[in-house]
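Whatever order the structure lists ligands and atoms in, that order sets their numbers, starting from 1. The shown structure was predicted, so the numbers you read here are calculated from the model rather than taken from an experiment. Quick note: numbers below take in every heavy atom, side chains included, and nothing from hydrogens, waters or symmetry partners.
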Amino acid sequence: MVSALQSWPEPVVRVQSLSDSGINCIPDCYVKPIYDRPSSLDSNQPNNSNNIPVIDLAALYSDDLSLRKTTMDLISEACREWGFFQLINHGVSHDLMAATRRVWREFFHLPLEVKQEYANSPTTYEGYGSRLGVEKGAKLDWSDYFFLHFLPLHIRNQSKWPAHPQSCRELVSKYNEEVVKVCGKLMKIFSLNLGLEEEYLENAFGGGDQIGTSLRVNFYPKCPQPDLTLGISPHSDPGGITVLLQDDHVSGLQVRKDNAWLTVKPIPNAFIINLADQLQVVSNAQYKSVEHRVIVNSNQERVSLAFFYNPRGDILIEPAKQLLLTNNEAPRYQPMTFNEYRSFIRLNGLHGKSQVNSLKSPR
Ligand code: OGA
Ligand code: NI
């Protein structure tokens, strides 16, 4: 299996180069089957207020006890009903967020030769990439990305991060450090809301300095035929929590809700939080990782920073025993390490929620 992962099955084409070349028709490998196109389960959103919840994190630390309680309840409901919410007043400097996003936009606008120095391979995915999965002839997504590891410290290798623009490495470190703190808070909140000890989820993920985190910066170039393709195919994120920073004014992210795709409206300076598969497993499906995808458009490029907060790779992740006891439930999932879990996606690419569903215990 390892050898199958060492190189891409076809020559890598940068979507940005295709877009810049001024083509009017996208190559066949980006044309999705009709049922996968953006119009499928269309998000005719008659009611615009029907969008993902907005949570004010500062309210959780206010002196007003009832406000704190209401906020905990709002988060609980968001986790159970949506698996997605926007987080405001999260404590991360808006300037730092904007600067980090700006530096990545600049990176993607560097000449191709510069970016190619960071070309990635399917062994670790670190670096500059344009596909996920190694299936020959697979339909591809209309995006390029940069993927880097941040924690645990021993796998952080800054020499694999962009050396240009010059402030990139420093900004990314600062930004990631701040986002890790937000995730730490959320892990506590989720634990308490599930009726577990405050540190439960963090410990279940391998504890303090063993947590795995990485950053995937997505670049969605303009697309001459946005109705035929997707920026990212439907998937749920494999890890624990994802913190997404999207462009303030260009939408594209869609969340699957009651069999329709809802476009998430950007709120400037907010983070989009989404619960990923390992939280579904630990919570025995009280929380659900939710399918999402990205649509592209013909007149504006889009940049997003997806920060992944994951369990340590080599410990078994399984439904919390205490939850099973309290709720008198059978475990819905078999234990599996995150490394094993993730290798499936790295080999096969994104396929909705098929991976977490395949983990189900026979009942
Ligand atoms: C991801 C993702 C959404 C976006 O990178 O996993 O879902 O809006 N990104 O770019
Ligand atoms: Ni995602």
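Taking the six-membered ring where the residue is Trp, the centroids of H109 and F219 are separated by under 6.0 Å. Aromatic ring centres of F107 and H164: separated by at least 6.0 Å. Outside the 6.0 Å centre-distance limit, the rings of Y128 and W104 are not counted as a close aromatic pair.
Results of the side-chain contact (heavy atoms from CB on, under 4.5 Å) test with D144 over R131, K115, R14 single out R14 as the only residue that passes.
Distances from the Ni ion (ligand 2) to the N/O/S atoms of H292 are shortest for NE2.
Rounded to 10°, the angle formed at the Ni ion (ligand 2) by NE2 of H235 and OD1 of D237 is 90°.
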Worked check of side chain to side chain donor-acceptor pair (under 3.5 Å) between D314 and N339: CA-CA 6 Å; D314 58 358; N339 282 345; 5.9 Å; no
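Geometric assessment of K185 against the ring of Y61 yields a positive cation-pi assignment under the 6.0 Å and 45° thresholds.
Protein residues with any heavy atom under 4.0 Å from ligand 1: R216, N218, Y220, I232, H235, D237, L244, L253, H292, V294, R302, S304, A306, F308.
At a threshold of 4.0 Å, the pair K181-E178 counts as salt-bridged, since one of the basic side-chain nitrogens sits closer than that to a carboxylate oxygen.
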